[in-house]
Amino acid sequence: MAQKFDSPKTESELRLIQDTMFNISAASYEYRRSPSFKGLLEIISSDSVILTAIHNIKSNKGSQTPGSDKETMKEDILQRDFNLVLGRVKEAFSNYRPRPLRRVSINKPGKTEKRQLGIPSVIDRIIQECVRLVLDPILEPQFFQHSYGFRPMRDAHMALARVTDVVHKTGHHWIIEGDISKFFERVNHSILLRKLWGMGIHDRRVLMIIKTMLQAGVIGETGTNDLGAPQGGIISPLLANVYLNSFDQWVTREWENKKTQKVYRNRKKTVALRESSNLKPAYLIRYADDWVLITNSKRNAEKWKYRICKFLKGNLKLELSEEKTKITNIKRKTIRFLGFEYKVTKGRSRTGYITRTKPDRDRIATKVKEIHRDIKHLRAASSMEFLIHDINLVNNKIRGLINYYQAATWINISLSIFKERLKYASYKSLLKFGGKWTRANQVNNLISIHESYTEHIAAIEYKGLKVGVTSIGFSKWNKAMLKKPSETPYTPEGRQIYSNRTAKKPLKARADDTLSEHLSMLIATGINGRLYTFEYYLNRAYAFNRDKGKCRICRKEVHRYDLHFHHINKMLPSDLVNKVGNLATMHMKCHSMIHSKLDYSEFGTKIWKSILSFREKLN
DNA sequence: CATAGTATCAC
RNA sequence: AUUGUGAUACUAUG
Ligand SMILES: Nc1ncnc2c1ncn2[C@H]1C[C@H](O)[C@@H](COP(=O)(O)OP(=O)(O)OP(=O)(O)O)O1
């Protein structure tokens with residue numbers, strides 16, 4: 001019954017393993033059994049997993065900042081010898097000893113209390129990502145359907161859509177808002193490891209690695225850490241979901257899951273059954289440590305709150321935050337969930353009530369204040385170019401804000417309060433640059449949004465182009481969609497649904513696939529004894545991908561035995577010379593034609609022209 | 001049709 | 001200076 005896999009040799013083999021793991025795990029879950037995966041460490045520490053891990057996290061913003069040692073992604077991984085780096089990561093896997101975390105305190109929005117981050121060193125981030133790559137497909141299918149935080153292809157809007165859906169379908173209006181106090185800091189290591197085992201991670205070496213990861217101490221402090229998962233660790237969010245999964249299962253076992261099993265029974269029978277049982281209705285929607293539970297009466301809400309409190313304390317050693325955990329009748333008062341205010345009002349619908357959502361008042365107010373400051377700051381721009389850059393920055397902020405709160409039914413009304421104030425401030429700031437009131441559909445920036453508005457906004461004109469400060473009023477409600485459970489990154493169908501939903505966006509699946517093939521192919525071509533940096537390896541693959549595997553001189557397919565990557569300009573400084581833009585795929589023969597001085601016009605004008613143009617760029 | 005950079009948000 | 005997971009939007013380049 002236990003599952004073992006060969007280590008992946010290529011990235012598409014890794015993907016296949018991930019898909020297979022997901023399938024096995026999902027199948028066991030259907031039959032209410034837990035899967036059993038062994039020999040995971042071999043997969044986790046294989047070349048292609050390490051490569052994928054580095055590829056995944058190398059462009060994180062935080063990769064530029066070191067952990068407790070002084071190492072950064074760029075200097076100590078990407079610009080080092082390829083095999084040296086691989087060897088170093090593999091070495092770290094045997095007898096794993098994480099470096100201490102760097103402690104940084106950041107502000108929590110709207111609170112005086114600070115958030116304590118624990119930042120792992122770069123090498124430990126790579127290790128964590130390797131583990132995550134393999135554990136995620138195993139754990140993902142076992143998670144609760146209506147847990148939305150930290151999970152792929154799910155977001156806060158879907159959680160909100162689920163709340164609306166349940167309220168509308170059931171007509172229930174008593175809600176518990178729950179928040180777990182200091183969630184990550186309170187995660188108990190041995191309970192967590194038991195849960196991982198219970199979910200099918202049956203490789204003790206991997207569990208040991210996770211254990212030592214969690215125990216990593218903090219720089220400047222003595223000893224190891226016996227409680228909590230670091231805020232800043234790459235696997236911490238995944239582990240957090242593992243930890244609370246039993247909570248989800250426990251709550252939903254008694255009502256939500258029972259109910260779905262009876263869905264095929266005839267209606268009368270189901271209703272009768274529910275009334276006669278002493279079960280209390282409960283619909284849970286969870287986002288990380290933030291959850292709501294929907295039920296039908298105040299009494300039941302209180303009962304559930306009491307029972308949940310006891311469960312969390314007894315089984316998970318967690319506490320509910322007293323001030324943030326409230327019981328509310330959403331016909332009378334709003335609840336706050338995921339940055340939205342949520343309530344129902346009388347209206348035309350099956351239940352006689354319709355939902356009303358608004359952006360959280362306090363949060364939107366502080367954001368608008370920030371934007372107001374930025375707009376006033378526009379007048380300090382030192383040149384027209386900088387001004388345009390700053391306007392774009394402001395526009396980005398406004399669009400970003402609207403983008404998130406679009407899911408609120410009352411977005412337009414809520415944001416319009418601030419509209420005039422911001423517009424007037426923009427006009428005043430732009431005045432000294434010749435700013436004028438301009439119809440939105442006549443400016444040249446953000447055309448896709450502005451073309452449908454005739455309202456006046458403040459805009460400047462530069463070289464015949466009109467650049468306007470967008471309005472916070474250019475927003476309209478966009479109904480959030482419910483999550484399709486079959487949409488997952490680990491099945492072909494799931495990926496298809498995802499790419500359909502995200503419209504004409506590039507097909508992520510296929511892109512990754514081709515990239516992966518080429519990555520591993522290139523690795524197979526060997527190293528020739530020369531010093532190649534890690535970055536060069538990745539970038540060769542990207543360049544090959546961009547050129548679609550064709551020679552840039554003769555446009556024919558290149559096979560691995562006569563593949564060469566031409567440095568378009570060899571004289572560039574060392575950190576630029578290996579960038580994708582400076583690499584061109586070609587045959588070795590074609591390459592030698594660039595560097596010789598002979599006339600090759602006999603091969604046809606197209607080829608000759610390409611050769612000449614590459615020769616020009618050499619110096 | 002691809003990659004890379006900025007921004008917003010949730011936790 | 002500020003880490004992480006996830007989502008979204010815009011812009012730029014070949
Ligand atoms: N910026 C962040 N970086 C890393 N992890 C984060 C970040 N924000 C939130 N998290 C994770 C760690 C938190 O324990 C968890 C829940 O967040 P949150 O509820 O805001 O705070 P908290 O549970 O740590 O304290 P409390 O709820 O008592 O204020 O999500």
message: Applying ring-ring contact (aromatic ring centres under 6.0 Å, His included), can you list everything that pairs with Tyr405(A), at least two apart in sequence or on another chain?
response: Phe340(A)

query: What residues, two or more places apart in sequence or in another chain, satisfy ring-ring contact (aromatic ring centres under 6.0 Å, His included) together with Tyr462(A)?
result: none

Residue pairs, two or more places apart or on separate chains, that pass salt bridge (Lys or Arg N to Asp or Glu O under 4.0 Å) and touch residues 401-412 of chain A: none

- prompt: Can you list every side-chain hydrogen bond (donor to acceptor under 3.5 Å, both in side chains) pair that touches residues 387-397 of chain A, not counting sequence neighbours?
  reply: Asp374(A)-Lys397(A)

message: From the set G4(C), A1(C), dC9(B), return the single nucleotide nearest to any side-chain atom of Thr65(A).
response: A1(C)

message: What stems show up for RNA chain C when you take Watson-Crick pairs (N1-N3 plus N6-O4 or O6-N4) and G-U wobbles (N1-O2, O6-N3), both under 3.5 Å, and require three or more consecutive pairs?
response: B:1-11 with C:4-14

message: Students often get this wrong, so: under 4.0 angstrom with heavy atoms, is Asp290(A) touching a base, only sugar-phosphate, or nothing?
response: sugar-phosphate

message: Heavy atoms only, 4.0 Å cut-off, all strands: where does Ile234(A) land among base, sugar-phosphate and nothing?
response: sugar-phosphate

- prompt: Heavy atoms, side chains only, cut-off 4.5 Å: are Val467(A) and Leu387(A) in contact?
  reply: no

- line: For Arg132(A), the salt bridge (charged side-chain N to carboxylate O under 4.0 Å, His left out) test, sequence neighbours excluded, returns Glu129(A)

task: Compare all side-chain heavy atoms of Arg399(A) with those of Ile449(A) and state whether any distance is below 4.5 angstrom.
output: yes

Only distances under 3.5 Å count here; give the side-chain donor-acceptor pairs of residues 133-140 of chain A to other protein atoms, sequence neighbours excluded, each with its distance to 0.1 Å.
unit_1: Asp136(A); atom_1: OD2; unit_2: Tyr490(A); atom_2: OH; d: 2.6
unit_1: Glu140(A); atom_1: OE1; unit_2: Arg151(A); atom_2: NE; d: 3.4
unit_1: Glu140(A); atom_1: OE2; unit_2: Arg151(A); atom_2: NE; d: 3.1
unit_1: Glu140(A); atom_1: OE2; unit_2: Arg151(A); atom_2: NH2; d: 2.7

task: Would you mind telling me which of dC11(B), U5(C), dC9(B) lies closest to the side-chain atoms of Ala288(A)?
output: dC11(B)

task: Within residues 361-371 of chain A, find the residues that approach RNA chain C with a heavy atom at under 4.0 Å, and present them sorted by residue number.
output: none

- prompt: Partners of Phe337(A) by ring-ring contact (aromatic ring centres under 6.0 Å, His included), sequence neighbours excluded?
  reply: none

- line: Here the distance between atom P of U3(C) and atom CZ of Arg102(A), to the nearest Å, is 8 Å

statement: Here the salt bridge (Lys or Arg N to Asp or Glu O under 4.0 Å) pairs for residues 400-416 of chain A, sequence neighbours left out, are none

Pairing residues for His189(A) by the ring-ring contact (aromatic ring centres under 6.0 Å, His included) criterion, not counting sequence neighbours: none

query: Looking at G6(C), dA10(B), dA7(B), which one has an atom nearest to any side-chain atom of Pro152(A)?
result: G6(C)

message: Here's a test of your reading of the structure: between Met153(A) and Ile235(A), which maps to the more 5' nucleotide of RNA chain C?
response: Ile235(A)

- prompt: Among residues 467-477 of chain A, which contact DNA chain B at a heavy-atom distance under 4.0 Å?
  reply: none

message: Once you apply a heavy-atom cut-off of 4.0 Å, does Gly149(A) come out as touching a base, just sugar-phosphate, or nothing?
response: nothing

